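Accompanying notes for the structure given below.
These figures come from a predicted structure and were not determined experimentally.
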Amino acid sequence: QVQLVESGGGLVPTGGSLRLSCQASERTSSPYTMAWFRQGPGKEREFVAANFRNYGRIAYADSVKGRFTMSRDSAKNTVYLQMNGLKPDDTAVYYCAADSRLIASSLRLSSEYDYWGRGTQVTVSS
């Protein structure tokens, strides 16, 4: 069973930056898909970014494209989410997720991921 622990959240002003980290308890290189989701106050959990089975290409939600960058360091069993140009709408709990069996067409569906971290709070002040 993979355990995921997020860190790096905090309070930043509009336009600020944060880098989130997700440490996995075991090797999560291929075939694991790693992803970031978020859940804002009063909102449903939504897709942010994902790297399908450690292939090079990373998918992003339109709302974060050009501002957020996901990367993974397989040697450290860690994935990162660099967030620049933060906006108040980015305020949410950010979750790391992993799964070894999902298919590419399910990349953006939170229900398809078996493993989740507890989340880290990101608050962007206006």
Side-chain angles (χ1 to χ4, degrees):
Q1 177 133 358
V2 177
Q3 294 182 332
L4 305 171
V5 179
E6 303 95 337
S7 61
L11 172 65
V12 295
T14 297
S17 298
L18 283 173
R19 188 175 83 151
L20 306 184
S21 300
C22 171
Q23 175 72 54
S25 59
E26 61 182 70
R27 185 176 180 182
T28 52
S29 54
S30 182
Y32 277 92
T33 292
M34 302 296 296
W36 289 96
F37 288 80
R38 68 184 182 185
Q39 188 165 13
K43 299 180 181 179
E44 295 187 353
R45 192 168 297 188
E46 65 174 357
F47 171 78
V48 175
N51 177 217
F52 180 64
R53 295 192 177 186
N54 204 21
Y55 296 158
R57 186 173 177 180
I58 295 175
Y60 294 96
D62 287 344
S63 58
V64 306
K65 200 172 294 184
R67 299 187 297 124
F68 291 11
T69 302
M70 179 180 178
S71 60
R72 66 195 289 176
D73 185 337
S74 297
K76 296 182 179 180
N77 297 334
T78 303
V79 294
Y80 303 96
L81 185 68
Q82 177 66 44
M83 307 185 295
N84 299 327
L86 283 162
K87 307 174 183 179
D89 282 349
D90 296 319
T91 295
V93 178
Y94 283 71
Y95 297 92
C96 180
D99 196 274
S100 62
R101 298 175 296 172
L102 66 76
I103 57 177
S105 60
S106 300
L107 199 63
R108 299 168 185 257
L109 301 178
S110 60
S111 59
E112 296 297 310
Y113 288 81
D114 282 342
Y115 304 108
W116 291 87
R118 292 188 175 184
T120 185
Q121 176 71 46
V122 172
T123 303
V124 184
S125 61
S126 56

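Formation of a donor-acceptor pair under 3.5 Å by the Q23 side chain with backbone atoms of K76 is found in this model. Between the side chain of S100 and the backbone N or O of Y32 there is no donor-acceptor pair closer than 3.5 Å. For the pair D73 (side chain) and V79 (backbone), a donor-acceptor distance under 3.5 Å is absent.
When each of V12, T91, L11, L86 is paired with S125, the side-chain contact (heavy atoms from CB on, under 4.5 Å) condition holds for L11 and for no other.
Residues passing the ring pair (Phe, Tyr, Trp, His ring centres under 6.0 Å) test with F47, sequence neighbours excluded: F37.
Of all heavy-atom pairs between Q82 and S17, the closest is NE2-CB, 4.0 Å. Minimum interatomic distance between A59 and L107 (heavy atoms only, all atoms of both residues): CB-CD2, 3.7 Å. The heavy-atom pair separating C96 from E6 by the smallest distance is N-OE2, 2.8 Å. When all heavy atoms are compared, the tightest approach of L4 to A24 is CD2-CB, 3.8 Å. Summarising the geometry of Y113 relative to A50, their closest heavy-atom pair is OH-CB, 3.9 Å, with the distance given to 0.1 Å. Across every non-hydrogen atom of T120 and G8, the tightest pair is OG1-N, 4.2 Å.
Both Y55 and L102 are assigned to one and the same hydrophobic cluster, defined by single-linkage of ILVMFWY side chains at heavy-atom distances under 4.5 Å.
Here the CG-CZ distance, from L81 to R72, works out to 13.5 Å after rounding to the nearest 0.5 Å. Atoms OG1 and CG, from T14 and D89 in turn, are 9.5 Å apart once rounded to the nearest 0.5 Å. In this structure, CH2 in W116 is found 5.0 Å from OG in S110, a value given to the nearest 0.5 Å. Note that the CD1 atom of I58 and the CZ atom of F68 stand 14.0 Å from one another [nearest 0.5 Å]. If you take OH on Y115 and OG1 on T33, they are separated by 13.0 Å, rounding to the nearest 0.5 Å. Considering CG of N84 and OG1 of T69, their distance stands at 6.5 Å, rounded to 0.5 Å.
Applying the salt bridge (charged side-chain N to carboxylate O under 4.0 Å, His left out) definition to pairs two or more places apart or across chains, those involving residues 100-122 are R101-D114. For the ring pair (Phe, Tyr, Trp, His ring centres under 6.0 Å) condition, no pair includes a residue of residues 70-98, sequence neighbours left out.
Contact check for R38 versus S63: side-chain heavy atoms found under the 4.5 Å cut-off. No side-chain heavy atom of M83 sits under 4.5 Å from any side-chain heavy atom of V64. Residues V48 and M70 fail the side-chain proximity criterion, which asks for heavy atoms closer than 4.5 Å. The side-chain heavy atoms of R57 and F52, taken from C-beta on, include no pair separated by under 4.5 Å.
A salt bridge links K65 to D62: one of the charged nitrogens lies within less than 4.0 Å of a carboxylate oxygen.
The neighbour count for Q121 CD, taken as heavy atoms of other residues, nucleotides or ligands under 6.0 Å away, is above 12.
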